[in-house]
Number of protein chains: 2
Amino acid sequence: MNKSETRRRSSGRITLSDVAKAAGVSPITASRALRGERGVAQELVQRVKDAAQQLGYVPDPAARTLASQRSVQVPVLVPLLSNALFVDVLESVHRTLFPEGYQALIGVTHYDPQEEEQLLRTYLAHRPAGLLVTGFDRTEAARQLIAASGVPCVHLMEMTPAPGVFCVGFSQQDAGHSMTAHLLARGYQNVAFVAAQLDPRTMQRAEGYRRCLREAGRYDPKLELLSPQPSSMRLGGELLEELLRTRPGVDAVFFCNDDLAQGGLLAAQRLGLSVPGQVAIAGFNDLAGSDQMLPPLTTVRTPRSAVGEASARMLLALMRGEEPAHNSVDLGFELTVREST
Amino acid sequence: MNKSETRRRSSGRITLSDVAKAAGVSPITASRALRGERGVAQELVQRVKDAAQQLGYVPDPAARTLASQRSVQVPVLVPLLSNALFVDVLESVHRTLFPEGYQALIGVTHYDPQEEEQLLRTYLAHRPAGLLVTGFDRTEAARQLIAASGVPCVHLMEMTPAPGVFCVGFSQQDAGHSMTAHLLARGYQNVAFVAAQLDPRTMQRAEGYRRCLREAGRYDPKLELLSPQPSSMRLGGELLEELLRTRPGVDAVFFCNDDLAQGGLLAAQRLGLSVPGQVAIAGFNDLAGSDQMLPPLTTVRTPRSAVGEASARMLLALMRGEEPAHNSVDLGFELTVREST
DNA sequence: CTGAAAGCGCTTACAG
DNA sequence: CTGAAAGCGCTTACAG
């Protein structure tokens with residue numbers, strides 16, 4: 001046993017060289033054949049693929065990443081995992097990316113731009129293949145980190161007029177406007193807006209609510225009840241009670257999210273109020289259970305899974321170096337009128 | 001410019017060599033200092049760390065993985081992301097692992113052992129640092145893949161008597177028994193068990209239910225309603241209706257999961273049945289909203305976040321080559337009696 | 001306690 | 001269309 005053999009740190013793994021040897025070609029040719037790079041004789045491609053198959057060859061992602069300076073990682077930065085909305089997005093991103101050989105990575109920002117910036121630093125150091133971030137509200141440093149990295153990035157859940165920026169979502173403001181218009185059309189006189197968390201998308205819905213009421217000449221800031229606390233069913237109930245106590249005359253409530261609305265609906269029931277007779281209740285997002293409430297909840301159905309899939313497809317194109325058909329994709333929303341309004 | 005310079009594929013990245021040069025040591029020493037390996041002079045460690053800090057050095061994970069044959073990836077294989085249970089586990093695993101430099105990877109099996117086996121093949125090829133899997137129900141091939149890989153693995157959500165196997169969870173069967181015992185103690189005469197999905201953990205709860213009723217001499221297979229459909233609030237309502245139609249005399253229903261129970265509760269209300277007066281309803285897992293129902297739902301609180309954290313800590317120990325204090329950690333459960341029973 | 005050499009398994013850039 | 005050489009950025013194994 002000579003010195004070089006003693007020194008070998010063999011992992012026993014089947015490598016590209018093994019495949020190349022078996023196919024009777026050079027490792028480079030094997031590499032090209034396996035990656036489907038054009039410019040390799042059809043016959044060789046087949047021979048290499050057969051050899052790889054027979055040997056059970058699996059490429060080493062670390063070696064590939066190191067040599068090519070391109071990984072298969074795609075960090076997905078969302079505010080929370082406890083909000084089903086973002087789980088749906090993450091799930092469909094993962095489902096779209098995984099079969100293409102990319103790996104979606106969890107990133108939770110807790111609605112905190114500083115935390116997001118820190119995550120971005122960490123993830124960008126890993127040379128990700130692409131990046132998915134929620135909305136446009138971030139630190140200037142974060143924006144520059146993304147731009148400087150040159151990593152393709154798609155923004156989720158919001159629309160923006162900025163050119164050269166990629167996004168997939170829908171207009172949160174229009175959705176807020178649409179629900180408010182529905183409530184006015186139903187004849188409600190004092191339509192309140194109740195929100196929690198107060199993240200940018202929630203505030204865009206608030207803006208849609210305001211715009212609609214202003215157009216109708218009915219805007220009154222006292223009809224808004226905004227809480228920075230995290231959204232939950234319990235909080236929805238508490239806010240409804242506070243609203244009815246402090247704003248007598250309210251006959252319809254637009255909650256910025258379905259968990260609040262569901263809690264509000266149950267609280268109304270607990271208080272012996274008929275819905276929508278004494279107070280109409282509407283939500284947002286059409287989360288699980290909203291259609292099962294008593295009465296079933298009027299809400300806005302938002303395209304979470306579609307956003308996940310479309311953004312992943314857009315990113316796939318960008319990662320291949322292609323120009324996507326559109327910079328921004330508006331997937332819309334659907335006013336879903338049920339019995340609570 | 002000589003040939004070797006022409007050929008250089010520089011990425012402009014700050015490398016370990018840059019740090020070593022700045023600190024006036026060899027790259028190996030710099031590597032050791034940065035990784036906190038003992039056996040480096042205290043003074044050199046400081047000099048290297050300062051240099052790294054000043055240059056903004058970030059280690060390249062791909063190079064590290066390739067050289068050490070150990071990655072920082074930890075695939076977490078769970079049945080579904082649409083079940084809040086597993087999102088909670090995944091979230092706390094991620095929260096525990098990330099600060100330690102490890103990356104939790106999403107793996108969704110859709111309750112399908114074949115799909116899990118396929119995922120395992122893919123992930124294991126990436127040389128993960130560790131592995132987290134749900135329960136013990138998998139193909140023999142999957143079991144062997146895990147064993148042969150030598151990758152540390154912790155099993156989630158169930159307990160097992162097998163030695164040499166690591167797990168963190170609680171006894172699903174005891175939990176099922178406990179809830180059933182509570183219902184019997186309350187004096188209900190015909191306690192039904194209603195379940196969906198019928199995954200292994202659900203069936204362990206069913207077994208606990210059966211054991212308890214047999215002990216009381218009250219077991220009757222007709223009191224079980226099992227549906228292989230995916231769990232949902234809507235299904236819970238449907239199953240309750242079917243149960244009451246086909247099994248007259250049932251005065252208490254133990255649903256295997258809170259989403260079914262919540263749906264059952266709302267269906268009872270829709271049917272004009274008083275809960276618990278005419279029919280008692282109990283759930284499992286204490287999911288979001290169960291405490292807000294009318295009446296609030298009796299359920300079993302399960303330690304999802306604790307399971308995520310404890311399993312991640314156990315895995316952390318295993319990945320460091322340490323022997324964990326215990327092979328199996330039983331985190332227990334908590335019978336949570338509210339007004340629905 | 002420190003370092004020169006080799007190697008991890010792939011791909012890039014060049015040449016033919 | 002194919003390949004020999006070099007290199008990606010780190011760590012291992014050995015030597016001193």
Side-chain angles (χ1 to χ4, degrees), chain A residues 1-21 23-48 52 55 57-72 101 125-127 129, chain B residues 1-21 23-48 52 55 57-72 101 125-127 129:
Chain A
M1 198 182 278
N2 65 33
K3 191 170 173 188
S4 82
E5 268 185 59
T6 310
R7 289 207 157 201
R8 183 174 296 155
R9 278 184 283 155
S10 169
S11 58
R13 184 180 182 118
I14 290 156
T15 71
L16 186 62
S17 299
D18 298 329
V19 175
K21 214 165 291 171
V25 299
S26 72
I28 310 90
T29 299
S31 168
R32 286 199 270 248
L34 256 17
R35 275 176 301 137
E37 211 177 78
R38 20 172 271 144
V40 181
Q42 192 47 48
E43 189 220 327
L44 290 191
V45 172
Q46 202 45 253
R47 250 202 284 160
V48 170
L55 293 172
Y57 169 71
V58 187
D60 184 320
R64 181 171 274 184
T65 298
L66 183 57
S68 68
Q69 302 285 48
R70 304 192 76 247
S71 81
V72 296
H126 290 223
R127 304 175 180 283
Chain B
M1 198 185 279
N2 66 33
K3 190 171 176 186
S4 82
E5 268 184 60
T6 310
R7 288 205 158 202
R8 184 173 295 153
R9 276 185 283 156
S10 170
S11 58
R13 183 179 183 121
I14 289 156
T15 70
L16 186 61
S17 299
D18 298 328
V19 175
K21 214 164 292 172
V25 298
S26 72
I28 309 91
T29 300
S31 168
R32 287 197 271 247
L34 256 18
R35 275 177 299 136
E37 210 178 79
R38 19 173 270 144
V40 181
Q42 192 48 49
E43 188 220 328
L44 290 191
V45 171
Q46 202 44 253
R47 248 202 287 160
V48 170
L55 293 173
Y57 169 70
V58 187
D60 185 320
R64 181 171 271 183
T65 298
L66 182 58
S68 68
Q69 302 284 49
R70 305 192 73 246
S71 80
V72 296
H126 290 221
R127 306 175 177 284

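Computation of the quantities below employed the complete heavy-atom set of this structure, encompassing side-chain atoms and omitting hydrogens, waters and symmetry-equivalent molecules. So you know, we letter chains A, B, ... as the sequences are listed, proteins then strands, and number each from 1.
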Asker: Over how many whole Å does the gap from B/R35 atom CZ to C/dC1 atom P extend?
Answerer: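 Taking CZ of B/R35 and P of C/dC1, I get 16 Å after rounding.
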
Asker: Between D/dT2, D/dA4, D/dC10, spot the one nearest the side chain of A/I28, thanks.
Answerer: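 The answer is D/dA4.
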
Asker: Is the phosphate of D/dC10 approached by B/R32 (side-chain N or O, under 4.0 Å from OP1 or OP2)?
Answerer: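 Checking D/dC10 against B/R32, no side-chain N or O comes under 4.0 Å of OP1 or OP2.
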
Asker: Please list, chain by chain and in numerical order, all residues satisfying side-chain contact (heavy atoms from CB on, under 4.5 Å) with B/T65, sequence neighbours excluded.
Answerer: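 Only A/A62, B/S71 meet the side-chain contact (heavy atoms from CB on, under 4.5 Å) criterion with B/T65.
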
Asker: Please tell me if B/S68 has a side-chain N or O lying less than 4.0 Å from either OP1 or OP2 of D/dT11.
Answerer: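 False: B/S68 side-chain N/O out of range (4.0 Å or more) of D/dT11 OP1/OP2.
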
Asker: Please enumerate all residues that pass side-chain hydrogen bond (donor to acceptor under 3.5 Å, both in side chains) together with B/S17, with sequence neighbours excluded.
Answerer: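 Residues passing side-chain hydrogen bond (donor to acceptor under 3.5 Å, both in side chains) with B/S17: none at all.
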
Asker: Are OP1 or OP2 of D/dT12 and a side-chain N or O of B/R70 less than 4.0 angstrom apart?
Answerer: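 For B/R70, the contact criterion (side-chain N or O under 4.0 Å from OP1 or OP2 of D/dT12) is not met.
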
Asker: Looking at the base of D/dG9, is there any donor atom on it, or on the side chain of A/R127, that sits under 3.5 Å from an acceptor on the other one?
Answerer: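 Side chain to base: no pair below 3.5 Å.
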
Asker: According to the Watson-Crick and G-U wobble definition with distances under 3.5 Å, which dot-bracket string, read 5' to 3', encodes DNA chain C, using [ ] for crossing pairs and | for pairs with another strand?
Answerer: |||.||||||||.|||

Asker: Between atom CD in B/Q46 and atom C1' in C/dC1, what is the gap in whole Å?
Answerer: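 Going from CD in B/Q46 over to C1' in C/dC1 covers 17 Å.
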
Asker: Find the distance A/L16:CG to D/dT2:C1' and express it as a whole number of Å.
Answerer: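 Distance, rounded to whole Å: 14 Å.
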
Asker: Quick one: is A/Q69 getting a side-chain N or O under 4.0 Å of the D/dG9 phosphate, OP1 or OP2?
Answerer: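 True: A/Q69 side-chain N/O within range (under 4.0 Å) of D/dG9 OP1/OP2.
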
Asker: Below 4.0 angstrom from OP1 or OP2 of D/dG9, is there any side-chain N or O of B/T15?
Answerer: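 Answer is no, no contact under 4.0 Å.
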
Asker: Would you please name every residue forming a side-chain contact (heavy atoms from CB on, under 4.5 Å) with A/V45, sequence neighbours left out?
Answerer: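 By the side-chain contact (heavy atoms from CB on, under 4.5 Å) rule, A/V45 matches A/A33, A/V40, A/Q42, A/K49.
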
Asker: Rounded to the Å, how far apart are A/I14 CD1 and C/dC10 C1'?
Answerer: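 Atom-to-atom, A/I14 to C/dC10, this comes out as 16 Å.
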
Asker: Given C/dT11, C/dC10, C/dT2, which nucleotide is nearest the side-chain atoms of B/A41?
Answerer: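 Minimum distance to the B/A41 side chain belongs to C/dT2.
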
Asker: In this structure, how many angstroms lie between the P atom of D/dA13 and the CD atom of B/E37, rounded?
Answerer: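 Spelled out: CD on B/E37 to P on D/dA13 is 11 Å.
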
Asker: For B/D60 and C/dG9, give me the distance from atom CG to atom P, rounded to whole Å.
Answerer: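 Value for this atom pair: 17 Å.
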
Asker: Under 4.0 Å from OP1 or OP2 of C/dG3: is there any side-chain N or O of B/T29 that close?
Answerer: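 Yes.
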
Asker: Once salt bridge (charged side-chain N to carboxylate O under 4.0 Å, His left out) is applied, do any residues pair with B/R35, and if so which ones, sequence neighbours excluded?
Answerer: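 B/E37.
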
Asker: Would you please name every residue forming a salt bridge (charged side-chain N to carboxylate O under 4.0 Å, His left out) with A/R47, sequence neighbours left out?
Answerer: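 Residues passing salt bridge (charged side-chain N to carboxylate O under 4.0 Å, His left out) with A/R47: A/E43.
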
Asker: Picking from D/dA13, D/dT2, D/dC10, which would you name as closest to the side chain of B/Y57?
Answerer: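 The nucleotide sitting nearest to the side chain is D/dC10.
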
Asker: To the nearest Å, give me how far apart CG (B/L66) and C1' (C/dC8) are.
Answerer: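 After rounding, the gap between these two atoms is 4 Å.
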
Asker: Measure the spacing between CG of A/D60 and CD1 of A/I14 and express it to the nearest 0.5 Å.
Answerer: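 So the CG of A/D60 and the CD1 of A/I14 are separated by 13.0 Å.
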
Asker: Rounded to the nearest Å, what distance is computed from the NE2 atom of residue A/H126 to the P atom of nucleotide D/dG9?
Answerer: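 Roughly 15 Å, once rounded to whole Å.
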
Asker: Nearest 0.5 Å please: distance from the CG atom of B/L55 over to the CG atom of B/L16.
Answerer: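 Separation between the atoms: 11.0 Å.
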
Asker: Are A/R32 and A/V48 side-chain neighbours, meaning at least one heavy-atom pair lies under 4.5 Å?
Answerer: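 Side-chain contact under 4.5 Å: no.
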
